[in-house]
Q: 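Here it is, the structure in full.
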Amino acid sequence: MLVIKDLHASIEGKEILKGVNLTVRPGEVHAIMGPNGSGKSTLSSVLTGNPAYTVTGGSVEFYGKDLLALPPENRSHEGLFLSFQYPVEIPGVSMVNFMRAALNAKRKYFGQEPLSASEFLKLMREKRAIVELDNKLASRSVNEGFSGGEKKRNEIFQMAMLEPRLSILDETDSGLDIDALRIVAGGVNKLKTDNNATIVITHYQRLLDYIKPDFVHVLYKGRIVKTGGPELALELEEKGYDWIKREWD
Amino acid sequence: MSSIKQYTDIFHAYGSAIDAHSAPVLNALRPDALKALENATMPRKGDEDYETTDLNELFAPDYGVNINRVNLTADPAEAFRCDVPNMSTSPYYFFNDVYHHDADTLASRGDGVIVSSLRKAAIEHPELVARHYARIAPLSNPQVALNTLLAQDGIFVYVPRNVVLERTLQLVNIMNVAQPVMAVRRVLVVLEDGAQARMLVCDHTQSRDVQCLSNQVIEISLGEGATFDYYDLEATASSSRRASTLWAQQAAGSNLLIDGITLANGITRNGYHISINGEHAETSLLGMAIASGEQHVDNHTYIGHNVGHCHSNELFKYVLDDRATGAFSGKILVAENAPKVEAYQSNRNVCASPAAKMFTKPQLEIYTDDVKCSHGATVGQLDQDALFYMRTRGIPEHDARTLLMQAFMSDVIDGVRIEALKDRLHHLVEKRFAGALADCGECSGKCLRNKK
């Protein structure tokens, strides 16, 4: 579904990604690990079309389409989702209006009629249950005043609403206590099918106890320098990144 | 040249006709007004508190004045239906500055409430009107003096002691002329001790191609413990010019809410001058402006805390697009020996395009130690992180911007104390940002459609 070839990207003239190659197929879970500043979050930003980053080389195909040519909203319609490391607070925009605008924009993209109010609210109710998101939160402004855990649950709730084909979870475990982590990971697992895929970006092995990866990649200095199975994550947990850094520095 | 002269010339030539179509109480002040104007000049751009709006220029065009009170035969209910759903109001109409005599819905109340043409009230209740007319708005202000010189009519609202008007009064000002006219309107509101009322004023125009000036003076006097809401909604056209100045005086324990909203306009200068003269009085002064094209909106405010233990909260927000300009200058004054005053002022603005300009001048002047006051102003762009976040959820950029601009205005709208009006304003603002309300046509009026 996703084929990244020799992807280069920079921000404010500084090159962060220096030739990333990655292929993701339906049903797979990929973990991307790596030390701070290796380019993990840049990769997710570039894939979702953050205008702050400039792609300087390479290509990304998503179901045969040139992903990099699409504006962020169309990437979403095509089935790409990013769970933000730091979800943005939007005072004054209610979760209901936000989700309705998102869902109906997607329906419009595919030539469908907007959902009726009752259909929409029913869908909200169903999907909220997946991450045990309180009704009170759903009626508030987007992420405003949410705790760290609530924000991450809200991300997975949005993922459930939008039913993406490829989800990128950017440090979804950061700032979560163990109970919240279980709920969030449980939500991700419930949404898992043979037809969708997940890229989990994380520092730690901890999250991978809950979301089992098929592949583990190590991103370092803007390149994927090592790929392995789940055992690689355990090895990194035990030995840290220094041995990889030594190989590449 | 001072733009005042053409109007004093009109007065010299037609003073007796002006008097003849008005009332003695109003006429009695014209000589004073004339005297005040003799050596006065309209403020020019760059004068203190007129940094961005040239009042002299605003009054300079050769506007006609409707001296002989030529009325339009239009039936306002036919010509105009201001539909705020679920909100039943007692409507009153002005065509230009001519009061439209509608069925006097309040006459039968029998509790002493007066809502009528100012001219009629000044004839029927001369002492009452004389006691309040031009008592708060000073003739030393040239705009007030000019209005007092020429005003022949207006609306008078009187609510006696402890009477509560449940129904919102609605005043609809409609400009409908074939040639440039200056409408000279006067609004006088008197609430005695413990009285309560709410008023919604809507400014519209049906003369989108004719430049008109609304010259409006509003005076509000609140007795002890009185509560009054004043909502002022302008949805006019790019040819519209408006110079409005509001003067309010609050006694102890009174509660005043003013919400000034500019949805569509040409050039607008609003002044708000509030004197708090009694302890435990509360004031909310809210305002918002949405301007695009070449629109210009200037709000100047003054809140004087003349005694202690009173509270004011002021919030003005602007969203400016295209080449629109906005200006806000606001002063809060806390007088000597006015302890325990709480006064907060905030002006927040979004410039949505590189050519839009905002000028802001927040001021605090405090002569007492024991007070809590703050003021602040921000000018910025829409939150780029929020914009990107919304787009990753599939919301197209234009829609995301619209949602963010609406959200930015939400706290001003949430200050409205009438639920149905709040809902309506959310809707109107949404439409305005969606581009559906480029002019007043969609606001509430079927005016443009019905005109044909």
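Any value given below was found using the heavy atoms of this structure, including those in side chains, with hydrogens, waters and symmetry copies removed. Sequence lines set the chain letters: A, B, ... in the order given, protein chains first and strands last, and positions in each chain run from 1.
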Q: Under 4.5 Å from any heavy atom of chain A, what part of B:Glu397 do you find: side chain, backbone, both or neither?
A: both

Q: Are B:Thr392 and A:Phe81 side-chain neighbours, meaning at least one heavy-atom pair lies under 4.5 Å?
A: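 No, their side chains stay 4.5 Å or more apart.
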
Q: What is the distance from atom NZ of A:Lys106 to atom CD1 of B:Ile395, rounded to the nearest 0.5 Å?
A: 13.0 Å

Q: If you define the side chain from C-beta out and look only at heavy atoms, does anything of B:Asp385 sit under 4.5 Å from A:Tyr86?
A: no

Q: Decide if atom CZ of B:Arg348 counts as having more than 12 heavy atoms of other residues, nucleotides or ligands within a radius under 6.0 Å.
A: no

Q: Tell me, for A:Asn143 versus chain B, whether the close heavy atoms (under 4.5 Å) come from the side chain, the backbone, both or neither.
A: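 Contact with chain B is through the side chain of A:Asn143 alone.
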
Q: Within a 6.0 Å radius of atom NZ on A:Lys192, are there more than 12 heavy atoms belonging to other residues, nucleotides or ligands?
A: yes

Q: Compare all side-chain heavy atoms of A:Pro71 with those of B:Arg391 and state whether any distance is below 4.5 angstrom.
A: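 They are in contact (side-chain heavy atoms under 4.5 Å apart), so the answer is yes.
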
Q: Could you measure the distance from the CZ atom of B:Arg393 to the OG1 atom of A:Thr48? Nearest 0.5 Å is fine.
A: 9.0 Å

Q: Using a heavy-atom cutoff of under 4.5 Å, enumerate the residues of residues 91-105 of chain A that contact chain B, numbered in order, or state 'none'.
A: A:Pro91, A:Gly92, A:Val93, A:Phe98, A:Ala101, A:Ala102, A:Ala105

Q: Does the side chain to side chain contact (heavy atoms under 4.5 Å, CB included) test come out yes or no for A:Val142 and B:Tyr389, once each step is laid out?
A: CA-CA 11 Å; A:Val142 178; B:Tyr389 185 71; 4.0 Å; yes

Q: For atom CD of A:Gln112, is the number of surrounding heavy atoms from other residues, nucleotides or ligands below 6.0 Å larger than 12?
A: yes

Q: Looking at A:Lys190, I want to see if its NZ is surrounded by more than 12 non-hydrogen atoms of other residues, nucleotides or ligands under 6.0 Å.
A: yes

Q: Quick one: which residues of residues 147-168 of chain A reach chain B at under 4.5 angstrom, heavy atoms only?
A: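 At a heavy-atom separation under 4.5 Å, chain B is reached by A:Glu155, A:Gln158, A:Leu162.
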
